[in-house]
Amino acid sequence: MAAAAAAITTHSSRLLRRSAAAPDTGHLQLRCSTKPSPFELRHRAALLAPARALLPDRVTPFSFDEDGDDHPREECGVFGVIGDPDASSLCYLGLQKLQHRGEEGAGIAAAAADGKLKSVTGLGLVGDVFRDPARLAKLPGDAAVGHVRYSTAGAAASLRNVQPFLAAYRFGQVAVAHNGNLVNYQALRNRLEAQGSIFNTSSDTEVILHLIATSLSRPLLSRICDACERLAGAYSLLFLTADKLFAVRDPFGFRPLVMGRRPNGAVVFASETCALDLIDATYEREVEPGEVVVVDRRDMSVSSSCLVPHRSRKSCVFEHIYFALPNSVVFGHAVHERRNAYGRALAEESPAPSADVVIPVPDSGFYAALGFSQASGLEFQQGLIRWHYSGRSFIQPSQAIRDLAVKLKLAPVRGVITGKSVVVVDDSLVRGTTSSKIVRLLRDAGAREVHMRIASPPVIGSCLYGIDTPSEGELISNRMDLEGVRRTIGCDSLAFLSLDKLHSIYGDEAHELCDACFSRNYPVMPTAPEPVPDLVSAFED
């Protein structure tokens, strides 16, 4: 599958170069020469490796805060609107609702009435990037796309990697926002650089722009399809041009992308339906795996095309377990209902008959704990309170102070806990650092027993498709058996939702889930870069 998706056809089209006298517009300049200058010639070498050897030790450059949250992180959220005079403001609101999907950087690109595209990007939260109203005022027009990010492929905390990317090529301008991760990124980039392409960022998204620009197909829809046929991995994409908005989803449907419509007829795309609700857009449907939806700005007509031949859907199950907001509908299911079902199944599979009360780890364990309580008949209580304004505890000057600062983030309700046998329900367990702190916190608050129940299977594999996970060596369930994990965490009992039980909740749809982080069954493996011919400097004999 990966080999087919990574197949590359050689194109010789030349991209427009920015004139030395042209003003700096802030666009990415996609540049390619069929004849590299002597100064561009460099010696290159590439070593072949089996695809499985390309499984990264750390999928993304993020490291986890020693004292902070121990959940995997979704990498990106995308939002787009066309046909509304307040497009950039609506995009800003939509990105605010998707902030949980990426807190490192944010940006918006908009198409003005004259067809020119402009963008504003920055590091930090959406509210910080657009704190100055003048920044939104720079983005007039009735069409816009936006993006919030953590890092996927590309250096962390770098402004040049913040999307949307705005590029100029010989047929005009195009902006792109991407949620996902390409597993053949390095192979594609190596080939493109060998053909003369010059990259401005370290993001895998820029590869997509180069593939579009070097395609010999016409019109842009054909170029997008041509480019996406070469991609392997996860991608939910929004492209904005002077007159159209394109929404694209990879053939496996790893990452979500939904479509809605506002009362005035404006069409909206978003990573989650919660962003549609905020701006009074009615949810219509998912963008189907392998589909390209095109909205024409001139008459608001909507058309659909098949991107690639149909493949078995592999939707990320962690969207339901943790990433998406509980008031969203993702992959056709209400997220809060899925989480409640996990908790019920967990209570059936691993009850805690001696317990007195069920408490969630806020906020992600709430609905699973509620389901566990309902199925077990145990009392549900909010026994831990999360404080959202504590900052980053690892910057404190001593370990003792850092330990105290942890209590700012999670505070026990002693009246619920003292003298009780407590069932603590969380959505997942990754490294175990947060869980061990919670157990100590509850014991210090007077809990008689602490029983940990995890509403997902043990995480034993890193994600390749757009989620920031630790290396497999850091995953506690990959290093230890169940009893070893229990002893490390310090709880009286520990149980995970089994993979079979998780599948039973989805019934006939179970085969449509990507559960590689639990099973290591990766739908698409990374592609080994091809050897690049040696390029000899003009100064060498």
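When reading the values below, keep in mind they use all heavy atoms of this one structure, side chains included, and skip hydrogens, waters and symmetry mates. One-based numbering along the sequence shown. The structure displayed is predicted, hence computed values, not measured ones.
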Is the backbone of [Y] close enough, under 3.5 Å, to the side chain of [X] for a donor and an acceptor to pair up by distance?
X: Arg135; Y: Val129; result: yes
X: Gln99; Y: Leu125; result: no
X: Gln173; Y: Leu117; result: yes

For Thr214 and Gln195, does a side-chain donor sit closer than 3.5 Å to a side-chain acceptor?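 Thr214 vs Gln195: no donor-acceptor pair found between side chains.
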Could you tell me the separation between the [atom1] atom of [X] and the [atom2] atom of [Y], rounded to the nearest 0.5 Å?
X: Leu209; Y: Leu192; atom1: CG; atom2: CG; result: 11.0 Å
X: Leu276; Y: Glu284; atom1: CG; atom2: CD; result: 9.5 Å
X: Arg313; Y: Asp250; atom1: CZ; atom2: CG; result: 10.0 Å

Any salt bridge (Lys or Arg N to Asp or Glu O under 4.0 Å) involving residues 173-190? Give me the pairs, sequence neighbours left out, ordered by first then second residue.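 Of all non-adjacent pairs touching residues 173-190, those that pass salt bridge (Lys or Arg N to Asp or Glu O under 4.0 Å) are Arg189-Glu193.
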Given the side-chain rings of Phe318 and Phe518, with only the six-membered ring counted for Trp, is the space between their centroids under 6.0 Å?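 Close enough - the centres of the two rings lie under 6.0 Å apart.
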Is the His210 to Phe199 ring centre distance short of 6.0 Å?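 Yes, close enough.
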Between His320 and Tyr506, what is the ring plane arrangement, given parallel below 30°, perpendicular above 60°, and tilted in between?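 Parallel.
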Find out whether Lys97 and Asn327 are in side-chain contact, i.e. whether some heavy atom of one side chain is under 4.5 Å from a heavy atom of the other.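 Side chain of Lys97 against side chain of Asn327, heavy atoms only: contact under 4.5 Å found.
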For a 4.5 angstrom cut-off between non-hydrogen side-chain atoms, does Phe269 reach Val295?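 The answer is yes; the side chains approach within 4.5 Å.
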